[in-house]
Number of protein chains: 2
Amino acid sequence: MPKRTKAEAEATREALLDAAEVIFLERGVSRTSLEQIARQAGMTRGAVYWHFKNKSDLFHAMLDRVKMPLRQLLDDVEDLERPRAPLESLRLAALHALERLQGPRSRRVHTILFHCCEASSDVDILELHQRLADDCHETMLERFEEANRTGTMIASIEPEIACRMLMSMFGGLMHDWLRDPTRYDIGDIGPRMIDTFFERISPCTPHCTSPPHSSS
Amino acid sequence: MPKRTKAEAEATREALLDAAEVIFLERGVSRTSLEQIARQAGMTRGAVYWHFKNKSDLFHAMLDRVKMPLRQLLDDVEDLERPRAPLESLRLAALHALERLQGPRSRRVHTILFHCCEASSDVDILELHQRLADDCHETMLERFEEANRTGTMIASIEPEIACRMLMSMFGGLMHDWLRDPTRYDIGDIGPRMIDTFFERISPCTPHCTSPPHSSS
DNA sequence: GCAAGTTTACATTCATGTATGTATGCCTGT
DNA sequence: ACAGGCATACATACATGAATGTAAACTTGC
């Protein structure tokens, strides 16, 4: 039955995006044909070409459903009563991002982003990653610089370096974990890594308590 | 001229691999045809099919030219006169890996690995990455555990967590930098990240000297 | 002359974009 | 309120192009 009501049309659009997630994940972006996506959604290619210009357009629409820019993550963890220290905001935002990442859709789409699509293909994935990274770097650096000015992080660590360390660590963790999420529990490992990082770049409170071990 | 001497045949094999690096980098693995690789090397597809079974086979042959397992990196920096502390070995190995990464061929191939090929394609890139990561994780963990036993790292940090932090940081840095190597000098940023990491997980020597800043 | 190395030709498969077909929902005038 | 008409939401068909693997031809070293 060719034509549907407006709401049903929107439903098939979503169904097509769901289908795309599944098939992209299974077969990789470049190897999946629009035919396969359509069939997974119980439609034909005509439906795909109606809702989307081409594969690239569909891909970006798929991404739009799971975007989580750092600014928004920071807003999510903000406490309106009493503002937090910049590093504490970052730490909570990172933990929050980890939680969100584990949601089925976010997990699927980020796996596709990291592992199931390649540069110079239908989608300019490099520029996409770059834009996301730049945005993240910019707002993260602000916090580290503020922490540096207010002495809430160790003075000898440059904000730029701390920023790149955190970004690399987080990105690397995502890349590694998403390769096979059954290998370890990122809900356990992730927070411990993040907490350790922030603890280690914060000014010395009563830790630094490693006894000067003296056995050969 | 069809047929050459044995040495010349080997030369065309290398030429084909060189060509593959260039074209894979330009167009992504799945979008490059064997025809394009052959033409880049001044040959035809027949030559490719003579030397390699298929695209996957060629890909793996390309990788074999740049492998740098952690064990070997550690060997490279070993000092036979006086053995180093485990963390110092790791630090030097990481710095050494950074140097190697910047070589033109290594850089090209690793860029392909991270950005120009996708899962479920001609090559099982996920399993490949996984094997490399597992190997790295295994030998790295040994060092961190030894450091933990000998008190050469802060006792409250679990070896497993430190290991994953370093791996993620390094992997994330590679992933980020290779996306566009013109953006920053990894020969400068990289070592500062690595040194900061190891400095921060080492037992307190006379640092921890951030004055308890007290301005509002 | 035989086999290694390389080219050319061929058959098959498959994805893409577009054009066209078509049935249904929705809106507008009266 | 309902009949016509138009736009919407798809399906089907087609033309094109390109990549793969293999087989057969050729050419030269040993």
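Values below: every heavy atom of this structure, side chains too, minus hydrogens, waters and symmetry copies. Throughout, protein chains are lettered first and strands after them, A, B, ... in sequence-line order, and every chain is numbered starting at 1.
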At less than 4.0 Å, is any side-chain N or O atom of [X] found next to OP1 or OP2 of [N]? Yes or no.
X       : N      : answer
B:Trp50 : C:dT6  : no
A:Thr12 : D:dA9  : no
A:Tyr49 : C:dG17 : yes
A:His51 : D:dC10 : yes

Expressed in angstrom and rounded to an integer, what is the separation of [X] atom [atom1] from [N] atom [atom2]?
X       : N      : atom1 : atom2 : answer
B:Arg31 : D:dA18 : CZ    : P     : 12 Å
B:Phe52 : C:dT6  : CZ    : C1'   : 14 Å
A:Arg39 : D:dA11 : CZ    : P     : 13 Å
A:Lys6  : C:dC27 : NZ    : C1'   : 11 Å
B:Lys55 : D:dA19 : NZ    : P     : 9 Å
B:Arg45 : C:dG5  : CZ    : P     : 20 Å

Between D:dG21, D:dC10, C:dT16, which nucleotide has the shortest distance from any of its atoms to the side chain of B:Leu34?
D:dG21
Taking the side chain of B:Met43 as heavy atoms from C-beta outward, which of C:dT7, D:dA11, D:dA9 is closest to it?
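That would be C:dT7.
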Can you tell me how the ring of B:Phe59 sits relative to the ring of B:Phe24, calling it parallel under 30°, perpendicular over 60° and tilted otherwise?
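B:Phe59 and B:Phe24: tilted rings.
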Describe the nucleic acid contact of B:Ala47 in one word from base, sugar-phosphate, nothing, applying a heavy-atom distance below 4.0 Å.
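B:Ala47: base contact, heavy atoms under 4.0 Å.
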Is A:Thr44 touching bases, backbone alone, or none of the nucleic acid, heavy atoms closer than 4.0 Å?
base
Using heavy atoms to find the nearest nucleotide of DNA chain C for A:Thr32 and A:Gly46 separately, return the residue whose nucleotide is more 5′.
A:Thr32
If you pin A:Ala7 and A:Asn54 to their nearest nucleotides in DNA chain C, which one's is more 5'?
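This one resolves to A:Asn54.
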If only side-chain N and O atoms count, and only distance matters, is there a donor-acceptor pair under 3.5 Å linking [Y] with [X]?
X        : Y        : answer
A:Glu118 : B:Ser30  : yes
B:Tyr184 : B:Asp176 : yes
B:Thr111 : B:His115 : no

Evaluate the salt bridge (charged side-chain N to carboxylate O under 4.0 Å, His left out) criterion for residues B:Asp134 and B:Arg131: first the C-alpha distance (whole Å), next the side-chain angles of each, then the deciding distance (0.1 Å), finally the verdict.
CA-CA 5 Å; B:Asp134 282 349; B:Arg131 277 214 314 274; over 6 Å; no
